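Data first, discussion second: the structure below is written as structure tokens.
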Amino acid sequence: MFKFFLVSFLGLLIAAHGVAENRVYDDIAMIEELESFDIEEGNDVEFSESPLWTSEHVSKILVNVDAFGAAGDGVADDTQAFLSAWDKACSTPKSVLLVPQGRSYLVNATRFKGPCADKLLIQIDGTIVAPDEPKNWDPKNPRNWLDFSKLKGVLFQGGGIIDGSGSKWWASSCKRNKSNPCRGAPTALTIDSSSSVWVKGLTIQNSQQMHFTISRSQSVRIIDVQVSAPEDSPNTDGIHITDSTNVLLQNCKIGTGDDCISIVSGSSNIKMKTIYCGPGHGISIGSLGKDNSSGIVTKVVLDSAFLRGTTNGLRIKTWQGGSGFVRAVRYQNVRMEDVANPILIDQFYCDSPNECKTRHQLCKLARSCTATLVGLQKAPRP
């Protein structure tokens, strides 16, 4: 059964412990600021719909991973070939690091470090696959697979696939089987400590845990990206944003076993536009405040989204005992179908195999929020 709902609310205010904050914000001014909020466009990335190494762009230097010994058969280990190609491309101005179409490259956990020379383009047209056996994973990189750091003005693009081969990782998760030990698993793609980075057109799938993390970065654009994993794959968040500012997600289609998008502490100026989410756990701010930590998220806009078949719609989640706040959030033009909890604000979040003790200190939530939603809520059968 489904229940139709239409929600339009303004100025949702929730204070911890039911006590008003000492500091008084001008809610009307904040709402007006959100109305005009937009992401600044970076000028450091040269973007083109056509390949940048064709005769029209002869100034580009092509660095093909095959030229550095990559087998591209999905069986041989191509990690060293990718690292050698990276060293060449990163140090060469106006270069194109090419992962060719129609081939599959097995790459182990690898860190691709900058800073790099100007105008680097990473063209991924083929498939990059991870080793599928957790027991053989590099112990030096237990939480990362493809990690890019200290980049500026870099463009990732192409119709290629980044495949985490995560099925054995999911099977060993304590969320699949409580007799398994609870442990972390790698994130498929990470952009860390970077600025003015664009990612366009890629598909990221079957990650060991989180699919795509943007960490400690600013001015990042994620456009036309698809993320997918089975609905029952544990902790496979789609796009995870942490400690980052000025981030745009646009025209992205995400369906996983956890949050489609999660935005956690230290993040601000986040705009999501034209997002498809489902299956998954919805679009979340948090969790915040775990282990008595402080979490702050401000200035978040979701404009035009369709959520279908998710456990939650729009969610804010915080742990007991934490501190901090969520403020200046705007949801508009959001449609939902078959969503169990269209709006969920959870100040007693507990994602732990052990029971969480009740504590009185909570994060302060939601100063000056606005939302316009319409949809069909999944209702329990009578």
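Remember, it's a predicted structure, so these values are computed and weren't measured experimentally.
- Checking each of L248, L249, L302 against K271 for a side-chain contact (heavy atoms from CB on, under 4.5 Å) leaves exactly one that passes, namely L248.
- Pairs engaging residues 186-245 under the disulfide (SG to SG under 2.5 Å) rule: none recorded [sequence neighbours left out].
- Salt bridge absent: D78 and R103 never bring a charged side-chain N and a carboxylate O closer than 4.0 Å.
- Among pairs with a residue in residues 183-262, those fulfilling disulfide (SG to SG under 2.5 Å) read C260-C277, at least two apart in sequence or across chains.
- For C116, the disulfide bond (SG atoms under 2.5 Å apart) partners at least two apart in sequence or on another chain are C90.
- Evaluation of the side-chain contact (heavy atoms from CB on, under 4.5 Å) rule for P234 yields W170, S173, K175, R176 as partners, not counting sequence neighbours.
- Nearest heavy atoms, S284 versus D259: OG-OD1, 3.1 Å.
- Taking 4.5 Å as the limit, every side-chain heavy atom of D132 sits out of range of all side-chain heavy atoms of S167.
- For residues 193-242, no pair satisfies disulfide (SG to SG under 2.5 Å), with sequence neighbours left out.
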- Should N246 and R221 be marked as a side-chain contact (heavy atoms from CB on, under 4.5 Å) after you check the CA-CA gap, both sets of side-chain angles, and the distance that decides it? CA-CA 9 Å; N246 200 25; R221 307 289 177 271; 3.7 Å; yes
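- Residues in residues 219-275 take part in no ring-ring contact (aromatic ring centres under 6.0 Å, His included) pair, two or more places apart or across chains.
- Shown here are the side-chain contact (heavy atoms from CB on, under 4.5 Å) partners of D118, two or more places apart in sequence or in another chain: there are none.
- Residue pairs meeting the salt bridge (charged side-chain N to carboxylate O under 4.0 Å, His left out) criterion with at least one member in residues 104-116, sequence neighbours excluded: R111-D147.
- Taking the side chain as every heavy atom from C-beta outward, Q123 and Q157 approach each other to under 4.5 Å.
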- Task: Using the side chain to side chain donor-acceptor pair (under 3.5 Å) rule, take S95 and T92 through it: C-alpha gap first, then chi angles, then the decisive distance, then the call.
- Result: CA-CA 6 Å; S95 62; T92 305; 5.3 Å; no
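- Among residues at least two apart or in separate chains, side-chain hydrogen bond (donor to acceptor under 3.5 Å, both in side chains) pairs with a member in residues 202-212 are R143-Q209, D163-Q205.
- Contact check for M272 versus I239: no side-chain heavy atoms found under the 4.5 Å cut-off.
- Sorted by first then second residue, the ring-ring contact (aromatic ring centres under 6.0 Å, His included) pairs that include residues 70-117, not counting sequence neighbours, are F82-Y105, W86-F112, W86-F148, F112-F148.
- Remark: R216 engages D192, S193, D243 in a side-chain contact (heavy atoms from CB on, under 4.5 Å) (not counting sequence neighbours).
- Taking the side chain as every heavy atom from C-beta outward, L151 and I191 never approach each other to under 4.5 Å.
- In this structure the side chain of D303 reaches within 4.5 angstrom of the side chain of N333, judged on heavy atoms.
- The shortest distance between side-chain heavy atoms of N269 and Q218 does not fall below 4.5 Å.
- Partners of N177 by side-chain contact (heavy atoms from CB on, under 4.5 Å), not counting sequence neighbours, listed by chain and number: S179, N180.
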